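Heads up: numbering here begins at 1 and tracks the sequence. Both ligands and their constituent atoms are indexed starting at 1 by order of listing. Computed from a predicted structure; not experimentally measured.
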Amino acid sequence: MKKALITGIAGQDGSFLAEFLLSKNYEVIGLAKKEFTTSENIENIQDKIKIINGDVADFDSVLKTVKDIKPDEIYNLAAQSFVADSWNNPSITAQCNALGPVNILESIKRESPNTKFFQASTCEIFGKPKDSPQTEETAIHPITPYGIAKLYAHLMVETYRKNYGVFASCGILFNHESERRGKQFVTRKISNSVASIKLGLLDHIELGNLNSQRDWGYAPDYVKGMYLMLQQEKSDDFILATGKPVKVRDFCNIAFLSAGIELEWEGSGLEEKGIDKKTGKTLVKVNPKFFRPTESNIYVGNPQKAETQLNWKREVSFEQMVEKMVQHDLELLKK
Ligand code: NAP
């Protein structure tokens, strides 16, 4: 039986990955902070996994964990993962997102050199991308504290791979969402608000830039890509993306449709409104409070390398994903 250590196991990706690896007959061990915030994500598997309390930013606890377990594979998914928060907490972001992965790499080098390592890298390392779609060769120039911290880790993975022969791969992950996405992220904010509006619990939703675009995939598809990266003979970096950017406005259209509400749009800029076609009621308003300090250019990734070399396939379409998120939030709120 193979042993996998997943950091950030109670997060969106960590919990889906744990379920996936259990289905592949792995022994799954999770590293999570003492008081982690999303235990409901792993409620259904809590008696099948082992949780070790630890912080990736604490080198001694990481070293001890790696030494004791000597896992076959480590998936580093722990992060301060909300880009907007990285402006408020740049130091915590750097400790967790930049130094955390280095603590793991150094522990592997010292105590468990046969362990394979996956690092959750991000499209935010491209900053204002010079190419569209972005590939593994696109120039890197992050412009947020989150992206800059992740870039440090990204380059350290390459350094440990080249200099110490550690099997270490980065997934350059474009946005991926699900019914387990944190509510601070715009996609979950929309699905949760649509469900609340549908049930009469909320009047309308306020959003930032409706023209903002993201390449949004479904998280369970992405964790399969992470697994595939560690099943290769050689470690390497791969983009996981859909290749199709979608605007926030279009996310809203599909989310409301999933709840049986058709929207039409009136006005522009800060005055733009999403209106219920049937009742004429305003359901979406723009609020400049939600604009980002630096609105990055369009992130859209080319997943061709992962598709051809890893045989990575996405199984859930954008529309299906939004539908799942809204239906899940409707069920949650009804409970
Ligand atoms: P998530 O839901 O926020 O999960 C991150 C997990 O890491 C949480 O369980 C969090 O626990 C834990 N964590 C935070 N700081 C930690 C620390 N110092 N030590 C140990 N655990 C810590 O994020 P996700 O969406 O699953 O993303 C997984 C990884 O992919 C992250 O590294 C993220 O940056 C990266 N990524 C995600 C996306 C995306 O679209 N989802 C895109 C690109 C890259 P608490 O909640 O208790 O803090």
Under a 4.0 angstrom heavy-atom cut-off, which atoms of ligand 1 come close to Ala120? 29 (C), 30 (O), 32 (O), 35 (C)

If you compare Arg214, Gln12, Lys33 by their heavy atoms, the one closest to atom 2 (O) of ligand 1 turns out to be Gln12

Keeping Gln80 on the side-chain end and Cys96 on the backbone end, is there a donor-acceptor pair under 3.5 Å? no

Is ligand 1 under 4.0 Å from a heavy atom in the side chain of Gln95, in the backbone, in both, or in neither? neither

Are any of the N/O atoms on Leu77, whether in the backbone or the side chain, positioned under 3.5 angstrom from an N/O atom of ligand 1? yes

Do Tyr299 and Gln213 meet the criterion of a side-chain donor-acceptor pair at a distance under 3.5 Å? no

Backbone or side-chain N or O of Val56 under 3.5 Å from ligand 1 N or O: yes

If we set the cut-off at 4.0 Å for heavy atoms, which region of Arg180 has an atom near ligand 1: side chain, backbone, both, or neither? neither

Any nitrogen or oxygen of Leu31, side chain or backbone, less than 3.5 Å from one on ligand 1? no

Can a donor-acceptor pair be found between the side chains of Asp221 and Trp312 at a distance below 3.5 Å? no

Using non-hydrogen atoms of the residue, decide whether Gly100 is closer than 4.0 angstrom to ligand 1. no

If you measure only the distance, is there a donor-acceptor pair under 3.5 Å linking the side chains of Thr138 and Asp131? yes

Name the option, out of Ala79, Gly182, Gly11, Ser39, that contains the heavy atom nearest to atom 13 (N) of ligand 1. Ala79

Hey, is the main chain of Val56 close enough, under 3.5 Å, to the side chain of Asn103 for a donor-acceptor pair? yes

Taking 4.0 angstrom as the limit and counting only heavy atoms of Asn175, give me the atoms of ligand 1 inside it, by number and element. 40 (O)

Show which atoms of ligand 1 fall inside a sub-4.0 Å distance from at least one heavy-atom site of Ala10. 9 (O)

Within the structure provided, determine whether Tyr218 and His176 are in side-chain contact (heavy-atom separation under 4.5 Å). no

Using heavy atoms and a threshold below 4.0 Å, how should the contact between Cys96 and ligand 1 be classified: side chain, backbone, both, or neither? side chain

Near Thr122, which atoms of ligand 1 are under 4.0 Å from a heavy atom of that residue? 43 (C), 44 (C)

With distance as the sole criterion, is a donor-acceptor pair present between the side chains of Ser91 and Gln95 under 3.5 Å? yes

Which of these, Ala78, Gly54, Ser61, has its nearest heavy atom closest to atom 21 (N) of ligand 1? Ala78

Those atoms of ligand 1 less than 4.0 Å from some heavy atom in Ser81: 1 (P), 3 (O), 23 (O), 33 (C), 34 (O)

For ligand 1, note which part of Tyr146 has a heavy atom under 4.0 Å away: side chain, backbone, both or neither. side chain

Out of curiosity, is Ser121 lining ligand 1, as in a heavy atom under 4.0 Å away? yes

Quick one, Phe185 with Phe82, criterion ring pair (Phe, Tyr, Trp, His ring centres under 6.0 Å). Give me CA distance, side-chain angles, the key distance, then yes/no. CA-CA 7 Å; Phe185 291 88; Phe82 190 42; 5.0 Å; yes

Please say whether His176 places an N or O atom under 3.5 Å from an N or O atom belonging to ligand 1. yes

Go through the side-chain N and O atoms of Glu19 and Asn44 and say whether any donor and acceptor fall under 3.5 Å apart. yes

Ligand 1 and Lys150, any nitrogen or oxygen pair closer than 3.5 angstrom? yes

Is there a nitrogen or oxygen of Asp55 sitting under 3.5 Å from a nitrogen or oxygen of ligand 1? yes

Non-hydrogen side-chain atoms of Glu111 and Ile69 separated by less than 4.5 Å: no

Are the aromatic rings of Phe318 and Phe251 close, with centres under 6.0 Å apart? yes

From Thr187 atom OG1 to Ile190 atom CD1, the distance as rounded to the nearest 0.5 Å: 7.0 Å

Would one find an N or O of Gly14, backbone or side chain, under 3.5 Å from an N or O of ligand 1? no

Scan side-chain atoms only and decide if Glu73 and Gln231 contain a donor-acceptor pair under the 3.5 Å cut-off. yes

